[in-house]
Amino acid sequence: MGLGLLSRDFFDRPAHEVAPELLGRVLVHGEVSVRLTEVEAYGLPGEDPASHTYRGQTPRNSVMFGPPGHLYVYFTYGMHYCANIVCLPEGHGSAVLLRAGEIVSGLDVARARRNGARDRDLARGPARLAVALGWGREDNGLDMIGKVLDGSPPASVLAGPRTGISTGADTPWRFWIEGDPTVSPYRAHVPRRRG
DNA sequence: GTGCAGATACACT
DNA sequence: GTGTATCTGCACG
């Protein structure tokens, strides 16, 4: 298991290069640590229609235009938080969404936050991962340098289309560890009907 | 295991 | 006003 920390240079690259190399590495936040098993890359303004930065900088996505290695936390569906790590130098607007992981430290704290969930489901899905780690609005912009542990690469990494998005779904920028039980099930985007 | 329906608040058009 | 990088609970097999 890794003892080293990832440097800022690690994130100073395109998100689709950073994303697969994050798999198997460990995020530390307070008492809880998570080994990443599933991530997605989101690209540049004007290039990736699924990215929050596709239409340029807004107050919400401004952290994505900041320096690499910082945490971009956003609120969605009226009740969920999701977290990304910013890639590329300041001014670009790209990040890796943290989709799922395995709790490797602070299991009791994570269980309490995810009341009643089975261990494999504690961080299975981006909103669940944010809850397990205790991330919220106040962590938007948090510098993750020093909180991402180096580690040995997973045995096998697969790539496929991204999850739950209506555009850009054909780009294979979702990466996961083959056979890992904590990888979230794929769901195609389902537009919500008005009542 | 699969497949819906509904909840919910915010950013952006 | 419209759409959302989701989750939970329930049905069914």
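Just so we're on the same page: letters track the sequence lines, and every chain starts at 1. As the structure is a prediction and not an experimental result, all values here were calculated from the model.
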NE2 on His16(A) to CD on Glu21(A), rounded to 0.5 Å =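 Going from the CD atom of Glu21(A) to the NE2 atom of His16(A) covers 11.0 Å.
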
Over how many whole Å does the gap from [X] atom [atom1] to [N] atom [atom2] extend?
X         : N       : atom1 : atom2 : result
Arg124(A) : dG1(B)  : CZ    : C1'   : 11 Å
Asn115(A) : dG9(C)  : CG    : P     : 10 Å
Arg128(A) : dC7(C)  : CZ    : C1'   : 6 Å
His80(A)  : dT8(C)  : NE2   : P     : 7 Å
His52(A)  : dC10(B) : NE2   : P     : 15 Å
Ile85(A)  : dA5(C)  : CD1   : C1'   : 15 Å
Ile165(A) : dA5(C)  : CD1   : C1'   : 7 Å
Met64(A)  : dA5(C)  : CE    : C1'   : 10 Å

Secondary structure of DNA chain B in dot-bracket form (Watson-Crick or G-U wobble, distances below 3.5 Å, | marking inter-strand pairs) | |||||||.||||.

Can you figure out which of dT4(C), dA11(B), dT8(C) approaches the side chain of Arg60(A) most closely?
->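 Per side-chain heavy atoms of Arg60(A), the pick is dA11(B).
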
Among the candidates dT6(C), dT8(C), dA5(C), find the nucleotide nearest to the side-chain atoms of Arg114(A).
->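 The answer is dT8(C), which lies nearest to the side chain.
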
Between dA5(C) and Arg174(A), is there an OP1 or OP2 to side-chain N/O distance shorter than 4.0 Å?
->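 No, outside the criterion.
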
How are the rings of Phe75(A) and Tyr81(A) set relative to one another: parallel (under 30°), tilted (30 to 60°) or perpendicular (over 60°)?
->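 Tilted.
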
Just by distance, with hydrogens left out, do Thr182(A) and Asp180(A) show a side-chain donor and acceptor under 3.5 Å apart?
->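 Result is yes, a qualifying pair exists.
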
Would you check if Tyr42(A) stacks with the base of dA5(C), given a 5.5 Å centroid limit and a 30° plane limit, both strict?
->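 Base of dA5(C): stacked against Tyr42(A).
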
Hey, are the side chains of [X] and [Y] touching, using non-hydrogen atoms and a 4.5 Å cut-off?
X         : Y         : answer
Asp119(A) : Arg111(A) : yes
Leu142(A) : His29(A)  : yes
Thr53(A)  : Tyr72(A)  : no
Phe10(A)  : Asp150(A) : no

Pair of N/O donor and acceptor under 3.5 Å linking dA5(C) base with Tyr74(A) side chain |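 Such a pair is found, so the answer is yes.
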
Considering heavy-atom distances to DNA chain B, does Asn61(A) or Met79(A) have its closest nucleotide positioned more toward the 5' end?
->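 Going by which nucleotide is closer to the 5' end, it is Met79(A).
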
Comparing Arg55(A) and Phe75(A) on DNA chain B - which has the more 5′ nearest nucleotide |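 The answer here is Phe75(A).
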
Which part of the nucleic acid, if any, lies within contact of Ala127(A), taking any heavy atom under 4.0 Å across all strands shown: a base, the sugar-phosphate backbone alone, or nothing?
->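 Sugar-phosphate, no base atom in range.
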
